[in-house]
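These values consider heavy atoms only, across backbone and side chains, with no hydrogens, waters or symmetry-generated copies. Please read these numbers as outputs of a predicted model, since none were measured by experiment. All chains are named by letter (A, B, ...) in the order of the sequence lines, taking the proteins before the strands, and each is independently numbered beginning at 1.
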There are 2 protein chains.
Amino acid sequence: MASIKDVAAEAGLSVATVSRALNGHPSVSPAARRRVLAAVEALGYRPNAVARSLRTDQTRTLGLVISDVMNPYFTELARSVEEEARALGYSVIIGNADERPELQDHHVTTLLDRRIDGLLLSPTDGGSPRMLDAARAGTPMVFVDRWIPGVDVPVVRSDGQTAVRDLVAHLYRLGHRRLAIIAGPAATTTGRERVDAFRAALRAHGLELPDAYIGQGDFQADSGRRVTEGFLDLAEPPEVVFAADNLMALGALDALRARGLRVPDDIALAAFDDIPWFVHTDPPVTAIAQPTGALGRAAVRALVDRIEGRPGESVTLPARLVVRRSCGEPAPSPSPVRRSTS
Amino acid sequence: MASIKDVAAEAGLSVATVSRALNGHPSVSPAARRRVLAAVEALGYRPNAVARSLRTDQTRTLGLVISDVMNPYFTELARSVEEEARALGYSVIIGNADERPELQDHHVTTLLDRRIDGLLLSPTDGGSPRMLDAARAGTPMVFVDRWIPGVDVPVVRSDGQTAVRDLVAHLYRLGHRRLAIIAGPAATTTGRERVDAFRAALRAHGLELPDAYIGQGDFQADSGRRVTEGFLDLAEPPEVVFAADNLMALGALDALRARGLRVPDDIALAAFDDIPWFVHTDPPVTAIAQPTGALGRAAVRALVDRIEGRPGESVTLPARLVVRRSCGEPAPSPSPVRRSTS
DNA sequence: CTGAAAGCGCTTACAG
DNA sequence: CTGAAAGCGCTTACAG
């Protein structure tokens, strides 16, 4: 592969001048610039980003470590992150932690070894030493969706409290009194917050959230299945299952279907995180929609701000309830398909 | 950030010895190794992968350019690619082309500039000059899922012919005679092949595939919606719509629902690519399942073979039909949930 | 077993 | 406006 030296030779100039011409440095004569461009063209030269990074100490690359790429919510988040980053002149390398702390650490380490300029993190757990070290060492970092309390890093997330309150009001109005939740891992903020919001909303209606109605999931489908089966085996099963993410809702649907139960007639279902498929499931699933695209973009802007020496602030955007049929509400007539616009 | 020089100073050794100790070179005394490790620990040293790459001329990184991350099929492919790559000691950088040739080229260029060791490609189009150049220049490359004829690069893909034949036989048995397809872009192999396989299977039953029953989609949901509306506006609409991927099937469902049509009573629907949600859609969707995980792993192995100087062969794996209710078949009783095991 | 030195491909003060 | 030279952080023949 042709190097800058080859270009210099071909153009009859020094590598310094070639470098300047290629980087749009002002003090290069039009003639020199022309010869450089011609040589580049002739040789099919492309600058070596590795060498440039070593020299300039910047990679123009962002690392994004997410808990689970297979989760449509995170897929969409990743996509918006990449788009915004590209618009700002950065590439992004995605690390999929698969909800496994060791894998998350592996990716953080790999990314840091590659000297990415900044890190976007949606932690799988309460924060490993590796991550905390990176934060303390001053690596530009931003948390998205999930975060770690007590670490001085901006957080870009959505607030589901109001939406959860709306959901519970909706459920109460439909006559449901025994409401259960499939929670995410307690080590994650979203795992805890969604349970807390749910409990608070229930309390406002004079309802309790007994321990038996809090199932411990891990944000993945299998756990939704398992927890739902546990609920159904209870002497007094809940009337509603609220899954704290869309994959656990998928698992819950699997479990309900395996038992031959009808939703919402036999049991109601709702989910945190809205996805296009929820419009077409049997029945359409009532869900809480996050402004996913906006979150991804805001997170990138905050991170790039940090990288480039500007403040870089935390952002909280509201989530909202999207009512469909899975909790018992009659379908609002064949209205136009509603979809999360994020 | 501490460099190898700092470690050498701390350990009282030369950088050469530190480097050797860190790379497991045999000729390092146990004492020296111990001192290096202690210094590394004390300094929190982590080797700079950028510098190492520049020196060794290898990045231990694979590039993966896929047509659309938001498509669950490609998400799963990307995940299996990353897993297998990690197992073989490689990282992967994903570029999402979003079915846009210019974006695909952008990613290929960026990846090449970063000097990735090899490229995994699922081309959005018939092959841009940039891609062809890379292939000709000897960059280790492998096509996954989609490929470009006439380029000497291994292809890892699945063959859907038998499954499509099974699908058409299934549809024929159910009494359907007017079958339409929402095709992918003609510039892609999967876009063409699926139509060809469908037409051939129809012919085997003495059926035609009129042009009006071939809708031009782009593998994304909106096009599925648009094409389906076109079908429904026909004087003689089809009895079956076969979407060449899962996102266009989603669009088709949207369109059908907007018109208040029932599936399969008013019109049947089938899709290429199976996804977990198809079990829970209304109705469950009959689909052709690819061995996605196996494809991703095989592609990585082929690419790494090429990179490390071994042959690296093409692989073709069969897809298979998964019958559900969207074409009219009565549900095969509440059997255990079937799911693609890939 | 260890170290001094060259070199990977760039960028960028420093001189002219 | 241009070039010679240093240096980013590593690895690896080459000597010893």
Gln58(B) atom CD: more than 12 heavy-atom contacts under 6.0 Å: yes
d(CG, Leu54(B); C1', dC10(D)) in whole Å: 8 Å
Quiz item: Arg20(A) side-chain donor-acceptor pair to dG3(D) base, under 3.5 Å: yes
Touch class at under 4.0 angstrom, heavy-atom based, for Ser27(A) against every strand present: base
dC8(D) phosphate, OP1 or OP2, under 4.0 Å from Ser3(B) side-chain N/O: no
Gly12(B) or Thr56(B), whichever maps to the more 5' nucleotide of DNA chain C: Gly12(B)
Strand partner of dA13(D), provided both Watson-Crick or wobble distances fall under 3.5 Å: none
Any Ser19(B) side-chain N or O less than 4.0 Å from OP1/OP2 of dT11(D): yes
Any Ser29(A) side-chain N or O less than 4.0 Å from OP1/OP2 of dT2(D): yes
Main-chain N/O of Leu13(B) paired to Thr17(B) side chain as donor or acceptor, under 3.5 Å: no
Complementary nucleotide of dA4(C), counting Watson-Crick and G-U pairs under 3.5 Å: none
dG16(D) to dT12(D) separation - C1' atoms, rounded to the nearest Å: 16 Å
Presence of Ser14(B) side-chain N/O under 4.0 Å of dG3(C) phosphate oxygens OP1/OP2: yes
Between dC8(D) (C1') and Arg52(A) (CZ): distance, integer Å: 14 Å
Along DNA chain C (nearest heavy atom to each residue), the more 5'-positioned of His25(B) and Ile4(A): His25(B)
Derivation and outcome, side-chain contact (heavy atoms from CB on, under 4.5 Å), residues Leu111(B) and Leu119(B): CA-CA 8 Å; Leu111(B) 258 7; Leu119(B) 202 49; 4.0 Å; yes
Sugar-phosphate, base or nothing in reach of Ala49(A), heavy atoms under 4.0 Å: nothing
Residue Ala16(B), side-chain heavy atoms: nucleotide from dT11(C), dA5(C), dC10(D) that is nearest: dA5(C)
Touch class at under 4.0 angstrom, heavy-atom based, for Asp57(A) against every strand present: nothing
Spacing between Asn48(A) atom CG and dG9(D) atom P, to the nearest angstrom: 17 Å
Between C1' of dG9(C) and CD of Gln58(B), the distance in whole Å: 17 Å
N or O in side chain of Asn23(B) less than 4.0 angstrom from dT11(D) OP1/OP2: yes
Asp68(A) and Tyr73(A): side chain donor to acceptor below 3.5 Å: no
Atom CG of Asn23(B): over 12 foreign heavy atoms under 6.0 Å: yes
